[in-house]
Amino acid sequence: MSGWQTHSDGVLLSLHVQPGAKRSGWAGRHGDALKVRIAAPPVEGKANAALCAFLAETFGLRQNAVTVVGGATSRTKLVLLRCDAHERTAILTRLGEMFPH
């Protein structure tokens, strides 16, 4: 996985998350995952909620369209971006621009 792949419901992201950062933002690659820094602390699901909000804003999705589907208590997470075919194309294009191979 190059950090993302298509999924029947949208796009699946493989992320390495660094909670408790000064500010939220992308930080490049971490192995086969995309690295993202999140300003929220890793307590009581705050970092996961902030991650979902950050991803929704980044890709122009509703917040409830972003779901952590693996690694909820780990720094390594799988996140599903639920979207239609048009949104999927836009997301894949944006990811390719942000993280060229």
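The structure displayed is predicted, hence computed values, not measured ones.
Rounded to the nearest 0.5 Å, atoms OG (S8) and CZ (R88) are 8.0 Å apart. Atoms CH2 and CZ, from W4 and F99 in turn, are 7.0 Å apart once rounded to the nearest 0.5 Å. In this structure, CG on L55 lies 9.0 Å from CG on L61, to the nearest 0.5 angstrom. Here the straight-line distance linking atom CD of Q63 with atom CD of E57 works out to 10.0 Å at 0.5 Å rounding. Atom-to-atom distance recorded for S2:OG and L34:CG is 7.5 Å, nearest 0.5 angstrom. Expressed to the nearest 0.5 Å, how far CG of N48 lies from NZ of K77 amounts to 4.0 Å.
Taking 4.5 Å as the limit, every side-chain heavy atom of D32 sits out of range of all side-chain heavy atoms of S14. Side-chain atoms of R94 and I91, non-hydrogen and from C-beta on, never get closer than 4.5 Å to each other. Counting heavy atoms from C-beta outward, Q18 and R75 have side chains that approach closer than 4.5 Å.
The two residues R29 and P100 come nearest to each other via the heavy atoms NH2-O, 4.1 Å. Looking at every heavy atom in both residues, G25 comes nearest to F54 through CA-CZ, 3.7 Å. Closest approach of P42 to A47, counting heavy atoms only: CA-CB, 4.0 Å.
Within 6.0 Å of NE2 on H30 lie no more than 12 heavy atoms contributed by other residues, nucleotides or ligands. For K35, the NZ atom counts as densely surrounded, since its 6.0 Å shell holds more than 12 non-hydrogen atoms of other residues, nucleotides or ligands.
T67 and R82 form a side-chain donor-acceptor contact under 3.5 Å, judged by distance and modelled atom types alone.
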Problem set entry | Stepwise side chain to side chain contact (heavy atoms under 4.5 Å, CB included) test for W26 and T58 | CA-CA 10 Å; W26 295 102; T58 298; 3.8 Å; yes
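For the side chain to side chain contact (heavy atoms under 4.5 Å, CB included) with L15, the qualifying choice from T76, L51, V68 is L51, the only one to do so. When T6, V69, L81 are each tested for a side chain to side chain contact (heavy atoms under 4.5 Å, CB included) with L12, only one passes: V69.
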